[in-house]
Amino acid sequence: MRILVVEDDPVLADGLKVGLALAGMTVDGVANCVDARAALAASEFDAVVLDLMLPDGSGLDVLRALRAGGDRTPVLLLTALDELPDRIKGLDTGADDYLGKPFDLDELGARVRAIVRRGNGRAAPCLVTGGIMLDPATMTVTLHGEPVSLSRREFAVLAALMERPGTIRSKGEIEDRLYGWQEEVESNAVEVHVHNLRNKVGRETIETVRGIGYKMRAVP
Amino acid sequence: MTSLRGRLFAILLAATGLIWLSAVIWVYAGTKAELEHVLDTRLQEAARMVNSLVATADMAAGGTVLPSLQLDAANYERQLSCQIWSIDGRLMARSSGAPDGRLTEVTSGFSDRVVDGESWRVYAIENSATGARVMVGDRLGLRDRLVADLIKGVLAPALLTVPLLGLMIWLCLGRGLLPLRTMAGELRKRDADDMSPIATGDAPAEVRPLIAALNGLFGKVDAARRHEREVTAFAAHELRTPLAGLKTQAQIALAAPDAAVRNGALQQIIVSVDRTARLMRQLLVLAKLDAGEMPDGGETVNVGHLLDEIAAAATSNGAHIEIDASLHGRDIRADRELLTLALRNLHENAVQHMSAGGTVRWRAASGKVGFEVEDEGPGIPEEELPFVTRRFFRGRHKSAVGTGLGLAIADAAARRLGGTLVLANRDDRSGVRATLTLPQTASVPLRP
């Protein structure tokens, strides 16, 4: 799950990056509206955590422009202005959720997972394909009820594939979900992770679509 | 509560009444004079008529009763009385109803006389040829009644129209004052938070200044409220964000699987606590400045030495600090604490924006009692300049350690010192020049 955090306070931005990474998310951070617009134009995110009062304008403007451009990326507003009219205005501008500062890190993680889930058109919190069940909240995977131990990256690759079962995900898309901007992407990292995953959850579950990418197949 | 409508009604009614009263008096006087003239002429005519009759008739011995001369004017039993006297003083003839007493002693012409307790107007002619005096008279009482009845005739319809007139005035006033009532109604309906201006529309010229004044007031209240809301919003942001950072980092420290992450989070917590502590200090200073608790007794302060102290106590952020040598020979008279607050916050603000290195330069402002500091930071976007001294305002180029209060404190302290603080971008390069100007009274003669 790749998240964009737009927050200008250095301590809080660092906390969000580290905290959401602990919850299994890949986090990129920007500190102002201009960078936020550029980031949203350049990469695809599963969700945006957006502060409202930014040094060069209001986060609401970023949100408005995003929605005007037809972008459906789920947005969670994070702000000190948590008076009722502000919350209503934020939601009506196109935000999916709202959290006032200060907040609980676990709650933020849960809310981000929830808006991502709804963004993908799911209601159930766990991803299930065949005998595999992935719980994003606890970051656990079971195969026919037996726990499977995965690394953070492997978990992220599996989650990316299971979020849209049946659709093909390109290597680039999967890489985007795995690595933030600052991280070095190894050239064959995705292949390595897929290889390891196949060993752990079953060889037939992840199908290679030659020249395009990978997709999940439900194996009973 | 006086009603404008009631007041206007009373004034208009009184004015109308007064005009009417004058008109009635005028009509009364005019009618009376005219009537008297007509009746006098009639008396004269009647007397001449009788005189000519006497001249042709053979007047028998006294006691003849002339047929009464009826003057039949609508319901008036108006009688002229006629007497014919001989020159030697005998009553030769009289009309019926005429008194027995002589009507007048005047031989010819008009006269007023009281006969038998009644006032008479009499016209007399002396006919020397026949030796008779003809006197024709009428009662003044009757004349007065005639005038009174005429006035009554004029007054009665007028009095009947008075209520109608009052009603008309009352209704017209209501109609005329409609714009005022409409405006009052609009104001009454208005939401307490609605600060939008009242539409001038087709309001009459007399009401427009009132609307303009109200709209001006609305505008001021609105601006004040917006400013207050902004300050509250900025304050909420600046106070809650560090708390959110602290809580997040604390939760990370608790949940971190390895020591490196935990240590990183704890480091961030320390940074945040330091920053929050500074914010609290700044808030307290501002509260003190607001409350006016600062002593404002003046003392002689050497600005160069004061700046040395300030620069030594502050972190330099990698910037080179240059304090113009002339400042060490410069004493001013001001409250030391306030001056320190202003200079220290300006100094800190300059240094905070110098993360790329460079020189912060203090010198005396030219041509006035004051000091200026120049930094080589990114400057302030022109559109933000009017807001930088607002509380909690942090612009685009905000520094990581700022609180949004430094310039607000410097500005408040400058005001308390009776001076002004002006911030502007440098013309020669990027950076800000802050000029603190003090009143002339702060000037101390240069030491020899």
Side-chain angles (χ1 to χ4, degrees), chain A residues 5-25 27 29 31-35 49 51-60 76-87 89-90 99-110 112 138-139 151-152, chain B residues 193 229-258 260-276 279 355 378 380-381 383-384 387-388 392-404:
Chain A
V5 168
V6 188
E7 168 60 59
D8 62 320
D9 181 81
V11 174
L12 180 56
D14 175 85
L16 287 170
K17 273 190 238 176
V18 177
L20 291 177
L22 286 178
M25 300 171 192
V27 186
N32 56 53
C33 292
V34 174
D35 291 350
V49 175
D51 183 23
L52 276 191
M53 289 177 81
L54 294 163
D56 58 343
S58 167
L60 279 183
L76 184 142
L77 292 179
L78 201 59
T79 175
L81 307 170
D82 62 348
E83 296 288 312
L84 191 60
D86 297 315
R87 271 182 273 170
K89 195 174 167 202
L99 206 51
K101 292 176 187 174
F103 51 86
D104 187 278
L105 190 57
D106 296 333
E107 185 186 0
L108 175 70
V112 169
T138 54
M139 294 174 68
S151 75
R152 201 171 76 82
Chain B
D193 290 330
R229 258 203 302 273
E230 269 170 25
V231 169
T232 314
F234 280 130
H237 185 258
E238 292 304 319
L239 296 174
R240 283 180 173 167
T241 301
L243 286 182
L246 276 175
K247 184 163 176 178
T248 307
Q249 296 288 359
Q251 285 188 300
I252 290 169
L254 281 176
D258 58 88
V261 174
R262 188 163 49 243
N263 284 342
L266 291 172
Q267 286 294 340
Q268 293 282 0
I269 288 175
I270 290 171
V271 169
S272 187
V273 167
D274 286 348
R275 263 188 53 192
T276 311
L279 174 65
S355 45
I380 301 170
E383 70 272 16
E384 285 180 4
F387 309 117
V388 284
F392 293 112
F393 180 86
R394 298 181 72 193
R396 206 172 306 167
H397 301 308
K398 67 183 186 185
S399 69
V401 292
T403 57

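Chain letters run A, B, ... following the sequence lines, proteins first and then strands; every chain starts at 1.
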Does the side chain of B:Thr248 reach to within under 4.5 Å of the side chain of A:Pro102, using non-hydrogen atoms?
-> no
Top of B:Gln267, B:Lys247, B:Glu238 for chain A proximity - count of heavy-atom pairs under 4.5 angstrom = B:Lys247
Which bit of A:Asp104 is near chain B, if near means a heavy-atom gap under 4.5 Å: side chain, backbone, both or neither?
-> both
Using non-hydrogen atoms only, which part of B:Ala236 is less than 4.5 Å away from chain A: side chain, backbone, both, or neither?
-> both
For B:Thr241 and A:Lys101, which heavy atoms make the closest approach, and how far apart are they?
-> OG1-NZ, 2.9 Å
Looking only at heavy atoms, which two atoms of B:Gln249 and A:Val11 are closest? And how far apart?
-> NE2-O, 2.9 Å
Where A:Met53 and B:Phe234 come nearest, the two heavy atoms and their spacing | CE-CD2, 3.1 Å
B:Arg275 and A:Asp9, any side-chain heavy atoms less than 4.5 Å apart = yes
Which value, rounded to the nearest 0.5 Å, describes the distance between B:Ile252 atom CD1 and A:Leu16 atom CG?
-> 7.5 Å
If you measure from NE2 on B:His237 to CG on A:Asp8, what distance do you get to the nearest 0.5 Å?
-> 5.0 Å
Which one, A:Asp14, A:Asp56, A:Val18, leads in non-hydrogen pairs under 4.5 Å with chain B?
-> A:Asp14
Minimum heavy-atom separation for A:Pro55 to B:Glu384, with atom names?
-> O-OE2, 4.3 Å
